[in-house]
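Working notes, beginning with the structure itself.
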Protein chains: 2
Amino acid sequence: METRELRYFVAVAEELHFGRAAQRLGIAQPPLSRAIGQLERRLGVTLLDRTSRTVTLTEAGSVLLREGQAALDAVEAAERRTRRAALAATGRPGLVLVTKAGASGELLPKLLEAYAAEPGAVAVDVLLCGIGEQERLLRDGRADVALLHRPFDSTAGFDTEELRAEGQVAVLPAGHPLTGRAHLRMADVTALSDLPTPRWPRTDGTYPDGPGPEARDHAQLCQLIALGRASAVLPESCRAYLRPDLAAVPVLDAPTVTTVIAWPPHSRSHAVAGLVRAATRL
Amino acid sequence: METRELRYFVAVAEELHFGRAAQRLGIAQPPLSRAIGQLERRLGVTLLDRTSRTVTLTEAGSVLLREGQAALDAVEAAERRTRRAALAATGRPGLVLVTKAGASGELLPKLLEAYAAEPGAVAVDVLLCGIGEQERLLRDGRADVALLHRPFDSTAGFDTEELRAEGQVAVLPAGHPLTGRAHLRMADVTALSDLPTPRWPRTDGTYPDGPGPEARDHAQLCQLIALGRASAVLPESCRAYLRPDLAAVPVLDAPTVTTVIAWPPHSRSHAVAGLVRAATRL
DNA sequence: AGTGATCGATACCCGGCAGGTATCGATGCC
DNA sequence: GGCATCGATACCTGCCGGGTATCGATCACT
């Protein structure tokens, strides 16, 4: 199976419309129809049930959609990482580390410093992204390593090394009655119906239903809390970066947050290995 | 990047010889040279340093070798799993479960029975393989789920669910002096220099150096122990399947063995999900 | 040093296939 | 029933992947 065939099939399977898929791929519709037909014939499998009015995925088709996306990600990753490895020899960004914007405050500079001191260290680019985007970036090669936070981020499919565990604090507007307390329980926070937890976007970019405002990143979240529209329970390391109009109170029974460094299991390159080594020695 | 290009590059990178690689690929040498050249030009990266006498990988080349192998595995897996999903609708093997031959004795039949009772269960093929082969089979799609045993098998890159933890026993020839003891320590077993631990093949099929005979699977191992040529420390569930000419003694300080069910994180198909559900309910 | 063998690169040719346009046939909507 | 939509088919064209012949460089052997 060629990646061109896979790309074509994934486009059709996602659009469920040959015309739109062809447009997205920048080709005409007839070659696309033919390519899909050939793919089906070669596999000996019906991937799409199509009438002249509607296109639906068969069971086999939906398997190929999932697996094909993963395979295309892997191919893309191979290409990106190869390009990057070549740059590392001559010029700059040899390694890309991704982390959620606004998280892992003091850990990150320490890690970068420790790695830079390693012999043979290459240049590290830091890529900040929104919630839940790290996994995709790591899978398709736009990043080589990630700092993730259990239990929020899924580490499925990656090798990980634990770096740090910490409790969580409730972040509230300064002056809120609860800020006088020495510590809280989760029940105290969820009871604040006037300060609901904001809703995070899912991987597809849509927001779940429910009360609470929508927030895409740390900055938006802080803003919402300062405005008295939301509250949040965050890892205690966020205190170092809290705006003066916010206050933090420890939450005793909140789940412990573990910061881990994660990388694709097969890409044990020297550079990644060095960075992981530096991280575990912190 | 097309899979054809990747296959070509991987062949050359593994052989480090254009002629042999071309032979392996079933094409002539000139088109291969040209394809690699085109790939390098398109990526803007030198992958191979070649004189007219010798070919070596550059740093970028070795990255592409690793990543490319993973990507090719993913593409192959997509193809295999799609074919299998199509069969599941009509005929037989809709799911392939792989486990080490001779391991997970009573667990496996229970699991298969429990899954078969699920509504919508598909036919499950059981694939038995040698030591350390499971990961490859799971990655390239020849299997959909695996039973693995921590800490022996690496679960890197897979989703897992723990099924069972058990201690280990020393397996000795019947009548050996130590078989009279109620329990042993690791030191007792390693001290048996006349009964060394056998050597297992590595992933590439070669055996590490050292004392002890070579063994590829459970049957060979048992045979060697019965012959008085080796001893082994195995999960205690193996007792149920032990030949009468072998004896087992618990080893108190041996690491606990955890049986896990593992699957590729992206392939959350109905069938896999059902099997995992059945497994966790055992 | 000269000669032959080895090996990757280059030059050139050919056939197949990817992609384009035109059109058909089926289906749903007003 | 007429029309619009959408996928499939027919047919043409140009590119590119693959083949053979050959070159140039390097190493081994005498």
Side-chain angles (χ1 to χ4, degrees), chain A residues 1-62 64-65 68 71-72 75 78-79 86, chain B residues 1-62 64-65 68 71-72 75 79:
Chain A
M1 213 167 23
E2 290 302 311
T3 57
R4 185 181 51 81
E5 302 178 283
L6 260 185
R7 266 191 291 269
Y8 286 8
F9 171 74
V10 168
V12 176
E14 286 179 351
E15 299 282 349
L16 290 178
H17 190 291
F18 279 73
R20 278 194 300 274
Q23 200 174 352
R24 196 173 110 183
L25 292 165
I27 64 171
Q29 170 259 321
L32 180 56
S33 284
R34 198 181 47 191
I36 301 292
Q38 278 175 2
L39 179 60
E40 288 183 321
R41 224 169 320 121
R42 192 159 355 177
L43 290 173
V45 167
T46 306
L47 300 170
L48 299 162
D49 285 324
R50 35 204 190 276
T51 71
S52 67
R53 299 302 292 175
T54 174
V55 176
T56 53
L57 279 171
T58 64
E59 191 62 32
S62 62
L64 185 56
L65 175 56
L72 288 177
V75 172
E79 194 167 334
Chain B
M1 212 167 23
E2 291 302 312
T3 58
R4 185 182 50 81
E5 302 178 284
L6 259 186
R7 265 190 292 269
Y8 285 8
F9 172 75
V10 168
V12 176
E14 285 179 352
E15 300 281 350
L16 290 178
H17 189 289
F18 280 73
R20 279 194 299 275
Q23 200 173 352
R24 197 174 110 184
L25 293 165
I27 65 170
Q29 171 261 320
L32 180 57
S33 285
R34 199 179 45 189
I36 301 291
Q38 277 175 2
L39 179 60
E40 288 184 320
R41 223 168 320 121
R42 192 158 354 176
L43 290 174
V45 167
T46 306
L47 299 170
L48 299 162
D49 285 324
R50 35 205 191 275
T51 70
S52 65
R53 301 301 292 176
T54 175
V55 177
T56 53
L57 279 171
T58 64
E59 192 62 33
S62 61
L64 186 57
L65 175 56
L72 288 176
V75 172
E79 193 167 336

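Computed over heavy atoms, backbone and side chain alike; hydrogens, waters and symmetry mates excluded. All chains are named by letter (A, B, ...) in the order of the sequence lines, taking the proteins before the strands, and each is independently numbered beginning at 1.
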A:Val12: which of A:Leu57, A:Leu47, A:Ile36, A:Leu65 passes side chain to side chain contact (heavy atoms under 4.5 Å, CB included)
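One option only clears the test, and that one is A:Ile36.
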Only one of B:Leu48, B:Leu39, B:Val10 clears side chain to side chain contact (heavy atoms under 4.5 Å, CB included) with B:Leu64; which?
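Looking at B:Leu48, B:Leu39, B:Val10, the match for B:Leu64 under the side chain to side chain contact (heavy atoms under 4.5 Å, CB included) is B:Leu39.
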Between protein and nucleotides 6-21 of chain C, map the contacts as a letter string: B base, S sugar-phosphate only, - none, heavy atoms under 4.0 Å, written 5' to 3'.
BBBBB-B-----BBBB
Of all residues at least two apart in sequence or in a different chain, which pass the salt bridge (Lys or Arg N to Asp or Glu O under 4.0 Å) check with B:Arg4?
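B:Arg4: no salt bridge (Lys or Arg N to Asp or Glu O under 4.0 Å) contacts found.
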Tell me if the CD atom of B:Gln29 is crowded by more than 12 foreign heavy atoms within 6.0 Å.
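Yes, enclosed.
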Pairs touching residues 44-56 of chain B that satisfy salt bridge (charged side-chain N to carboxylate O under 4.0 Å, His left out), sequence neighbours left out
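Pairs touching residues 44-56 of chain B that pass the test: B:Glu40-B:Arg50.
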Tell me the salt bridge (charged side-chain N to carboxylate O under 4.0 Å, His left out) pairs involving residues 23-39 of chain B, sequence neighbours left out?
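Salt bridge (charged side-chain N to carboxylate O under 4.0 Å, His left out) check on residues 23-39 of chain B returns B:Glu14-B:Arg24, B:Glu15-B:Arg24.
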Between the opening five pairs and the closing five pairs of the helix from C:dA1-D:dT30 to C:dC30-D:dG1, how far apart are the helix axes, to 10°?
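One end axis against the other gives 30°.
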List for me each residue that meets side chain to side chain contact (heavy atoms under 4.5 Å, CB included) alongside B:Thr3, sequence neighbours excluded, and say none if there are none.
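Checked B:Thr3 against side chain to side chain contact (heavy atoms under 4.5 Å, CB included); matches are A:Glu2, A:Thr3, B:Arg7, B:Leu72, B:Val75.
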